[in-house]
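Just so you know, ligand 1 is whichever comes first in the structure, and atom 1 is the first atom listed for that ligand.
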Amino acid sequence: MEAKTIKKIGVLTSGGDSPGMNAAIRAVVRAGFYYDIEMYGIYRGYEGMISNDIKKLESKHITHVLERGGTFLKSARSAEFRTPEGRQIAYNNLKSHGIDALVVIGGDGSLTGAHLFYKEFGVPAIGLPGTIDNDLSGTDSTIGFDTACNTAIEAIDKIRDTATSHDRLFFVEVMGRDAGFIAINAGIGSAAAAILIPEKKMPIEHLVDKLRIRTKAKKASNIVIVAEGGKSGGATEIAALVSKHLPYYDIKVTILGHLQRGGSPSSYDRLLASKLGVSAIEGLLQGKYDVMAGLINNKVVYTPIKKAIVDDKSVDEDDFRVAKILST
Ligand SMILES: Nc1ncnc2c1ncn2[C@@H]1O[C@H](COP(=O)(O)OP(=O)(O)OP(=O)(O)O)[C@@H](O)[C@H]1O
Ligand SMILES: O=P(O)(O)OC[C@H]1O[C@](O)(CO)[C@@H](O)[C@@H]1O
Ligand SMILES: [Mg+2]
């Protein structure tokens, strides 16, 4: 595709926030300035595009944001942007500021919105994978995933201390409505007894058998990791089912919840966000539209958004094999 002349670029964060979004915004804005582009912040994701909450960004806006969790541009889930009328208002607002192109930082939903917007109005857009869920193809890891896994592991380590002291069985729920990436990573990284994810059904009898075997083997503690969108329910539901089979166990449930979305980004997420932020601006200037910039084997790759959002990135079967071997 032939590159359009781009003089003003808008950047927004959308969907659930993720650690490293600020680092990504900073890199996008810094790279924009480097290439003499006027940069605009669109606040609260697509909500701000519709309510015209759009401001020109200066250097001062991105000072000391790289290390901060959350997103200083704020984020939102916008029902109105899902409607053609909402998107038309958003387009009119962009035009009123003379914005020629967009960088959208968010998850699969946010990138779906960017793809639709490009198709309808021809506004050049590049997506950056910003979500703790890691559920986008075209990148080994999404911005925020590594930090979220570290946060989950740190919390589970603490739970293990008390679980071991009291010989208790813990069910720990991690985030991931439709994706088990945090669960499998945090599960392997914290020596979980079992890991339950949305993509795979584990019959309750299997889980119960596994826990019985571990009890016989006199394992010091048992921690089961459950992704919130598990096929048989979340940690609370699974714990209730298991307690019917193993009434002699002292069972506790911990839901880690939104603490997994906060915190200062890890070094990996800072690097990822910084590389992809620069690549977003350079991609737009080279005429790469309707694509997501990702990192595969440490190289920047531009993948059509349509491909990146397709639900074909699944938890590696080999990770399950490893988890099984290590928990036996
Ligand atoms: N099909 C769609 N058409 C238009 N806009 C969409 C569509 N899907 C999502 N969006 C927009 O993107 C926003 C964010 O999407 P969603 O809530 O799925 O989060 P996400 O970007 O996947 O992030 P995460 O899953 O990490 O929280 C939605 O609130 C909506 O404004
Ligand atoms: O904060 P909200 O809007 O309840 O969204 C929670 C969802 O967002 C995510 O944290 C991803 O951002 C999912 O893992 C979780 O299911
Ligand atoms: Mg999503």
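Where the criterion is an N or O separation shorter than 3.5 Å, residue side chain and backbone included, G16 meets it with respect to ligand 1. Looking at ligand 1, you'll find an N or O of R77 within less than 3.5 Å of one of its N or O atoms. Considering both main-chain and side-chain atoms, R87 never comes within under 3.5 Å of ligand 1 through any nitrogen or oxygen pair. Considering backbone and side-chain N/O atoms, A79 never comes within less than 3.5 Å of an N/O atom of ligand 1. Among the atoms of G107, some N or O lies under 3.5 angstrom from an N or O of ligand 1.
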Trace of the salt bridge (Lys or Arg N to Asp or Glu O under 4.0 Å) decision for R212 with D209: CA-CA 5 Å; R212 278 204 184 103; D209 284 349; 3.8 Å; yes
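Partner of N222 under the side chain to side chain donor-acceptor pair (under 3.5 Å) criterion, chosen from R168, K210, R160, R214: R214.
Between D17 and S75, the side chains place no donor N or O within less than 3.5 Å of an acceptor N or O (distance only, hydrogens not considered).
Look at H258 and you'll find a heavy atom under 4.0 Å from some atom of ligand 2.
Here the closest heavy-atom approach between residue E47 and residue S78 is recorded as OE2-OG, 2.9 Å.
With a 4.0 Å cut-off on non-hydrogen atoms, F81 touches ligand 1 through its backbone as well as its side chain. Counting heavy atoms under 4.0 Å from ligand 1, residue T112 touches it through the side chain alone. Contacts with ligand 1 closer than 4.0 Å are made by no heavy atom of I132, backbone or side chain.
Given atom 13 (C) of ligand 1, the protein heavy atom at minimum distance is S14 OG, 3.6 Å. Here the heavy atom of the protein found nearest to atom 26 (O) of ligand 1 is T131 OG1, 2.6 Å.
Neighbouring protein atoms of the Mg ion (ligand 3) (N, O or S, distance under 2.8 Å, waters ignored): D108 OD1.
Ligand-side atoms of ligand 2 in range of G16: 12 (O), range being under 4.0 angstrom from any heavy atom. Of all atoms in ligand 2, numbered sequentially from 1 with element shown, those under 4.0 Å from a heavy atom of G176 are 14 (O). Within the listing of ligand 1, atoms 28 (C), 29 (O), 30 (C), 31 (O) sit less than 4.0 angstrom from a heavy atom of S78. With ligand atoms numbered from 1 in the order given, ligand 1 contributes 4 (C), 5 (N), 6 (C) to contacts under 4.0 Å with heavy atoms of G113. Every atom of ligand 1 with a heavy atom of G15 under 4.0 Å away is listed here by number and element: 14 (C), 19 (O), 21 (O), 23 (O), 27 (O).
Ion pairing of E317 with R321 is absent here, as no side-chain N (NZ or NE/NH1/NH2) approaches a carboxylate O to less than 4.0 Å.
Taking the six-membered ring for Trp, F117 and Y46 have ring centres at least 6.0 Å apart.
Qualifying side chain to side chain donor-acceptor pair (under 3.5 Å) partners for E120, counting only residues two or more places apart in sequence or in other chains: R87.
Summarising the local packing, CZ of R261 is surrounded by more than 12 heavy atoms from other residues, nucleotides or ligands at distances under 6.0 Å.
Of all the listed residues (R77, E228, R261), R261 holds the heavy atom that lies closest to atom 10 (O) of ligand 2.
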